[in-house]
K.L.:
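Can you read through this structure? Questions will come right after.
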Amino acid sequence: MDFDLTEDQRAIQDLARGFAADHMAPFAADWDENQIFPVETLRKAAELGFAGLYCRDQFGGTGLGRLDAAILFEELSAACPSTAAYLSIHNMAAWMIDTFGNEEQRAKWLPDLFSMAHFASYCLTEPGAGSDAASLRTKAERDGDHYVLNGSKAFISGGGTSDIYVVMVRTGGPGPKGISCLVVEKGTPGLSFGKKERKMGWNSQPTAPVTFEDCRVPVANRLGAEGDGFKIAMKGLDGGRLNIASCSLGGARACLEAAKAHMDVRQQFGKKLNEFQALQFKLADMATELDAARLMVHRGAVALDAGHAEATTWCAMAKRFATDAGFQIANDALQLHGGYGYIREYPVERILRDLRVHQILEGTNEIMRVIIARRLLQP
């Protein structure tokens with residue numbers, strides 16, 4: 001059990017930290033304020049290999065492990081959790097194609113995804129199927145060498161902007177075994193998008209409904225066999241949960257560092273804030289929660305790479321703990337700033353707004369408890 005990063009992992013950390021400082025942090029407030037999707041910044045990240053992190057190198061993937069990715073996403077999200085989170089989603093979609101696609105599919109879609117010439121979205125959630133994902137109703141009926149899709153997806157990051165949509169659809173009966181996975185390309189007749197959502201946070205990435213109306217998708221665009229979709233979705237979410245937990249780590253760390261700096265200059269009652277023991281204890285608790293969360297995320301990542309039998313449970317634990325802790329640390333940092341934490345000249349309120357949704361997506365934290373409890377109670 002070695003808690004030190006390897007030389008390669010420190011290099012990844014330094015690379016991501018430098019990129020975040022130079023290309024993300026100076027612009028994050030503007031992206032948030034004006035709802036700018038930073039396409040060129042994402043493509044610069046792709047030049048460093050950040051768009052195919054744990055995909056094979058045959059078509060340009062970077063071939064890193066899940067722990068490497070967790071380290072990288074923490075660094076990027078310290079500058080802008082919203083943009084880092086979109087990059088996580090793009091990576092998850094690319095990984096699904098790389099892992100479950102055949103040679104022809106991988107050759108067709110992956111090179112442009114790895115360069116971010118094309119952007120990817122993941123489509124599971126529906127207006128009536130959120131936590132109960134296996135009840136999804138988007139229908140795909142076979143018609144010769146095509147599927148005809150009808151239905152809609154909700155809260156899709158990149159909706160209307162992305163070029164590739166990895167979509168979970170119902171090709172069979174009710175329940176998880178009736179779900180398949182299709183890749184739908186932008187411009188396909190019958191594919192349309194709803195209005196861009198106005199959100200509390202995550203404003204540097206567009207979010208919109210995705211609608212299918214007699215949308216004809218080639219059978220050749222199916223990943224895996226019919227009925228494999230739910231399995232693909234769940235395997236993707238194990239890694240997605242680690243990534244979003246890592247984004248919470250980075251945002252929380254930035255808030256902790258901002259609170260420390262503020263307390264060193266702000267004075268009340270004739271002394272600096274960091275001289276008050278009650279506030280010192282608050283900082284100590286924030287740092288302890290952050291460190292505990294990071295350890296859980298890193299254990300989950302190592303377990304997922306190793307194919308450990310408890311990987312899904314540990315990923316759920318890490319996601320639940322890190323996203324709850326991350327939001328609380330950001331909230332505590334805002335409180336330590338007083339009124340300054342509530343205004344937009346300071347980054348804490350933006351990060352807090354971005355981190356709140358991490359407790360909801362990639363499976364709500366209530367669903368994480370369901371996964372954990374189910375494993376605990378297995379005979």
Side-chain angles (χ1 to χ4, degrees), residues 12-48 50-51 53 69-91 116 119 121 157-159 161-162 196-207 243-262 286 290 322-323 326-334 336-337 340-361:
I12 291 166
Q13 186 179 57
D14 289 343
L15 178 65
R17 185 172 294 180
F19 181 86
D22 293 342
H23 299 288
M24 296 174 70
F27 313 106
D30 183 50
W31 296 340
D32 173 69
E33 182 75 22
N34 296 299
Q35 299 184 17
I36 295 169
F37 185 48
V39 169
E40 293 309 314
T41 300
L42 288 166
R43 286 178 176 153
K44 287 178 183 176
E47 290 174 5
L48 298 176
F50 292 179
L53 289 171
I71 293 164
L72 182 143
F73 281 118
E74 177 177 343
E75 295 304 325
L76 298 183
S77 60
C80 183
S82 171
T83 305
Y86 175 77
L87 191 60
S88 162
I89 294 164
H90 176 93
N91 269 275
M116 295 195 95
F119 294 92
S121 291
S157 292
T161 301
S162 290
K196 183 179 173 181
E197 304 287 4
R198 300 175 61 206
K199 310 189 295 289
M200 173 180 174
W202 271 28
N203 289 316
S204 72
Q205 52 168 291
T207 303
N243 290 347
I244 215 64
S246 300
C247 289
S248 288
L249 296 178
R253 192 187 80 205
C255 287
L256 176 60
E257 291 170 353
K260 284 169 58 182
H262 180 74
M286 293 161 68
L290 178 59
T323 58
F327 180 77
Q328 187 58 53
I329 291 165
N331 198 40
D332 288 340
L334 192 153
L336 289 170
H337 278 74
Y340 293 102
Y342 200 66
I343 61 177
R344 294 198 172 185
E345 281 78 1
Y346 290 74
V348 174
E349 65 84 29
R350 168 177 57 84
I351 294 174
L352 180 139
R353 288 186 287 107
D354 283 344
L355 296 192
R356 180 59 183 88
V357 75
H358 296 187
Q359 296 168 289
I360 298 171
L361 51 81

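Side chains are part of it too, since the values below use all heavy atoms of this structure and drop only hydrogens, waters and symmetry mates.
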K.L.:
I would like to know whether Thr41 and Met24 meet side chain to side chain contact (heavy atoms under 4.5 Å, CB included); could you show each step before the answer?
P.N.:
CA-CA 8 Å; Thr41 300; Met24 296 174 70; 4.2 Å; yes

K.L.:
To the nearest 0.5 Å, tell me how far Thr207 OG1 sits from Leu361 CG.
P.N.:
9.5 Å

K.L.:
So Arg353 and Asn203, do their side chains get closer than 4.5 Å, heavy atoms only?
P.N.:
yes

K.L.:
Around atom NZ of Lys199, are there more than 12 heavy atoms of other residues, nucleotides or ligands at under 6.0 Å?
P.N.:
yes

K.L.:
Minimum heavy-atom separation for Ile351 to Gly251, with atom names?
P.N.:
CG2-O, 3.5 Å

K.L.:
Between Met286 and Leu336, is the side chain to side chain contact (heavy atoms under 4.5 Å, CB included) condition met? List the steps.
P.N.:
CA-CA 11 Å; Met286 293 161 68; Leu336 289 170; 3.8 Å; yes

K.L.:
Can you tell whether the side chains of Glu257 and Arg253 come within less than 4.0 Å, N to carboxylate O?
P.N.:
yes

K.L.:
Any chance you could measure Cys247, atom SG, to Leu76, atom CG, to the nearest 0.5 Å?
P.N.:
8.0 Å

K.L.:
To the nearest 0.5 angstrom, please state how far the CG atom of Leu290 sits from the CG atom of Leu256.
P.N.:
6.5 Å

K.L.:
Which residues pass the side-chain hydrogen bond (donor to acceptor under 3.5 Å, both in side chains) test with Arg17, not counting sequence neighbours?
P.N.:
Glu75

K.L.:
Please name the residue in the list Ser77, Ser88, Pro38 that meets the side-chain contact (heavy atoms from CB on, under 4.5 Å) test with Thr83.
P.N.:
Pro38

K.L.:
Do Arg344 and Glu349 make a side-chain contact, defined as non-hydrogen atoms from C-beta onward lying under 4.5 Å apart?
P.N.:
yes

K.L.:
Flag the pair Val348 / His262 as yes when at least one side-chain heavy-atom distance between them is below 4.5 Å, and no otherwise.
P.N.:
no

K.L.:
Compare every heavy atom of Arg350 with every heavy atom of Cys80, then report the nearest pair and how far apart it is.
P.N.:
CA-NH1, 4.0 Å

K.L.:
For the backbone of Phe50 and the side chain of Asn91, can you confirm whether one donor and one acceptor N or O come within less than 3.5 Å of each other?
P.N.:
yes

K.L.:
Please report the closest heavy-atom contact between Ala79 and Ala25, naming both atoms and the distance.
P.N.:
CB-N, 3.6 Å

K.L.:
What pair of heavy atoms forms the shortest contact from Arg43 to Phe119, and how long is it?
P.N.:
NH2-CE1, 3.5 Å

K.L.:
Is the shortest heavy-atom distance from the side chain of Pro81 to the side chain of Leu355 under 4.5 Å?
P.N.:
yes

K.L.:
For Ser204, is there any backbone N or O sitting under 3.5 Å from a side-chain donor or acceptor partner on Ser82?
P.N.:
yes

K.L.:
Which atom pair, heavy atoms only, marks the closest approach of Ala252 to Ile329?
P.N.:
O-CG2, 3.6 Å

K.L.:
Could you tell me whether Lys44 and Glu40 make a salt bridge, using a distance below 4.0 angstrom between a side-chain N and a carboxylate O?
P.N.:
no

K.L.:
Indicate the atoms forming the closest heavy-atom contact of Ala333 with Cys255, along with that distance.
P.N.:
CB-O, 3.5 Å

K.L.:
Once you round to the nearest 0.5 Å, how far does OG1 of Thr323 lie from CD1 of Ile244?
P.N.:
9.0 Å

K.L.:
Less than 4.5 Å apart, side chain to side chain, heavy atoms only: is that true for Arg356 and Trp202?
P.N.:
no

K.L.:
Roughly how far, to the nearest 0.5 Å, is CG of Leu87 from CE of Met116?
P.N.:
5.5 Å

K.L.:
Is any side-chain heavy atom of Phe73 less than 4.5 Å from a side-chain heavy atom of Leu249?
P.N.:
no

K.L.:
Give me the ring orientation class for Tyr86 and Phe37: parallel if the planes are under 30° apart, tilted from 30 to 60°, perpendicular past 60°.
P.N.:
perpendicular

K.L.:
Do the side chain of Ser162 and the main chain of Gly159 share a donor and acceptor less than 3.5 angstrom apart?
P.N.:
no

K.L.:
Quick one: CG on Asn243 to CG on Leu53, what's the gap to the nearest 0.5 Å?
P.N.:
8.0 Å

